[in-house]
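Notes follow the structure.
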Number of protein chains: 2
Amino acid sequence: MTAHSQARVASAASKARLRLWLRMLKSTRGVEAELRERLRQEFGSTLPRFDVMAALSRYEAGLKMSALSGVLRVSNGNVTGIVDRLADDGIVVRVQVPGDRRATLVRLTRKGQEEFTRQAAAHELWIDELLGDFDEPEATNLAGCFDAISRREEGR
Amino acid sequence: MTAHSQARVASAASKARLRLWLRMLKSTRGVEAELRERLRQEFGSTLPRFDVMAALSRYEAGLKMSALSGVLRVSNGNVTGIVDRLADDGIVVRVQVPGDRRATLVRLTRKGQEEFTRQAAAHELWIDELLGDFDEPEATNLAGCFDAISRREEGR
DNA sequence: AAAAAGTATTTCAAGCTCAAAACATTTTTG
DNA sequence: CAAAAATGTTTTGAGCTTGAAATACTTTTT
């Protein structure tokens with residue numbers, strides 16, 4: 001293969017990847033917008049709040065602020081405000097860590113657990129509706145493709 | 001098929017779709033974060049600014065504010081601030097629409113066009129790198145899957 | 001034990017995002 | 001033609017997001 005045809009082939013794949021990215025962004029944003037809207041309408045809440053609750057629900061003992069922002073892959077300062085508001089609403093509590101006066105543990109309250117259970121059930125139904133075009137093998141296959149992208153990201 | 005096994009099948013596909021969504025979100029956010037970081041480092045800019053410039057670059061005659069927010073699928077008020085800052089930087093201009101004193105047209109300046117050309121070239125290379133796992137047929141196939149999701153959204 | 005380095009969290013400033021309200025102008029309607 | 005409805009944009013208030021700086025505490029080094 002000549003350098004010339006090589007360049008042509010690379011460029012065509014490159015365009016296809018760009019198109020892929022634009023579609024990926026569009027459909028992800030669309031689903032996100034719909035979820036945000038429903039969370040607002042049905043529960044008076046937001047996606048970031050849901051994400052924090054989901055993370056905490058997987059750690060019954062609670063998470064330190066830094067661990068929480070690590071799990072969610074958002075900045076430290078970001079989580080502070082969301083947790084502040086969730087605490088105001090009685091969804092989470094901050095607990096001092098015994099041996100370390102710098103750290104605080106964040107835990108779902110009982111009310112928070114119950115609220116998350118309700119919201120998570122609705123969330124699963126919504127996803128089922130929004131991604132209903134995919135049957136089980138397709139969904140599993142696509143999930144694998146995304147894992148490939150994510151792994152590529154992590155290896156940087 | 002009994003009602004019982006029906007429920008089981010639906011539930012398994014449902015779980016697969018939920019997993020798919022979580023992976024889709026994770027990888028899209030990862031690529032977005034990387035693009036945002038590079039745009040910040042290399043061009044001192046942001047993704048929303050890039051999106052506005054990209055939209056305007058496809059309409060040489062300019063777009064009305066409402067058309068711009070329509071194309072980008074974000075709220076009206078949102079675009080106002082981004083365009084304000086792009087105008088401050090000499091990237092875009094607002095032009096009064098002759099027959100309608102309510103409306104303004106937003107256009108890329110020459111400087112804006114040149115800047116967008118530079119950024120778009122870098123952007124395409126970045127995508128090529130970040131999604132490099134997919135060859136042309138794969139990328140095209142996946143893009144088709146996302147189109148299905150987007151079309152489903154639009155039909156709501 | 002004092003100094004230095006490291007860790008955990010919050011604060012800050014800037015920008016993005018939305019929905020809703022306000023404002024201005026144009027078009028339609030009674 | 002005047003009132004009402006529709007259209008185009010900006011403002012407002014609340015919340016999310018980031019990176020960087022500030023604060024507080026702990027561990028390590030000298």
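First the proteins, then the strands, lettered A, B, ... as listed; each starts at 1. Computed from a prediction, not measured in an experiment: that's the story for all the values here.
Nearest heavy atom pair, residue A/A67 against residue A/L63, reads CB-CD2, 3.9 Å. Taking every heavy atom of both residues into account, B/A143 and A/L20 meet most closely at N-CD1, 3.8 Å. Across every non-hydrogen atom of A/S27 and B/F146, the tightest pair is OG-CD2, 3.1 Å.
A/L35 has its CG atom 16 Å from the C1' atom of C/dC18, to the nearest Å. Here D/dT17 presents its C1' atom at 13 Å from CD of A/E32, a figure rounded to the nearest Å. When rounded to the nearest whole Å, the span between CD of A/Q96 and C1' of D/dA24 equals 12 Å. What separates CZ of B/R38 from P of D/dT18 is a distance of 18 Å, to the nearest Å.
Of the candidates D/dT17, D/dT18, D/dT9, the closest approach to any side-chain atom of B/T104 belongs to D/dT9. The A/R85 side chain lies nearest to D/dG15 when the options are C/dC16, D/dT17, D/dG15. Relative to the side chain of A/A103, the nucleotides C/dT17, D/dT9, C/dA8 differ in distance, and C/dA8 lies closest. Listed nucleotides C/dT11, D/dG19, C/dC18 differ in distance to B/E37; the shortest reach to its side chain belongs to D/dG19.
Cluster membership for A/L105 and A/F116, using ILVMFWY side-chain heavy atoms within less than 4.5 angstrom, is not shared. Note: the hydrophobic cluster containing B/V93 does not contain B/V52 (ILVMFWY, side chain heavy atoms under 4.5 Å, direct or indirect links). Follow the hydrophobic side-chain contacts under 4.5 Å out from A/L22 and you reach B/M53 in the same cluster.
Note on the helix from C/dA1-D/dT30 to C/dG30-D/dC1: angle between the axes of the first and last five pairs equals 10°, rounded to 10 degrees.
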From CA spacing to verdict: side chain to side chain contact (heavy atoms under 4.5 Å, CB included), A/D51, A/I82
CA-CA 10 Å; A/D51 289 344; A/I82 299 172; over 6 Å; no
Run the side chain to side chain contact (heavy atoms under 4.5 Å, CB included) test on B/V106 and B/L56 for me, step by step, so that the C-alpha distance in whole Å, both residues' side-chain angles and the decisive distance to 0.1 Å come before the verdict.
CA-CA 8 Å; B/V106 186; B/L56 293 178; 3.8 Å; yes
Show the numbers, then the answer: is there a side-chain hydrogen bond (donor to acceptor under 3.5 Å, both in side chains) between A/S14 and B/E124?
CA-CA 8 Å; A/S14 175; B/E124 191 171 335; 3.3 Å; yes
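By the 4.0 Å N-to-carboxylate-O rule, A/E37 lies close enough to A/R40 to be salt-bridged with it.
Taking a 4.0 Å limit (strictly below) on heavy-atom distances, residues 52-65 of chain B reaches DNA chain D at B/K64, B/M65. Interface residues of residues 70-79 of chain B facing DNA chain D, ordered by number: B/N76, B/G77; criterion, heavy-atom separation under 4.0 Å.
Contact of A/R102 with D/dT26 (side chain to base): no donor-acceptor pair of N or O atoms is detected under 3.5 Å. For a distance-only test at 3.5 Å, the side chain of B/R101 fails to qualify as a donor-acceptor partner of the base of C/dT25.
Remark: aromatic rings of B/F50 and B/F43 are distant, center separation not under 6.0 Å.
Exactly one of A/Q41, A/E42, A/R49 qualifies for a side-chain hydrogen bond (donor to acceptor under 3.5 Å, both in side chains) with A/S45. That residue is A/R49.
Considering only side-chain N and O atoms, B/S66 lies nowhere under 4.0 angstrom from the phosphate OP1 or OP2 of D/dT7. Phosphate proximity of D/dC16 to A/R49: absent, as no side-chain N or O sits under 4.0 Å from OP1 or OP2.
Mapped onto DNA chain D by nearest heavy atom, A/I82 and B/R94 fall at different nucleotides, with B/R94 at the one closer to the 5' end.
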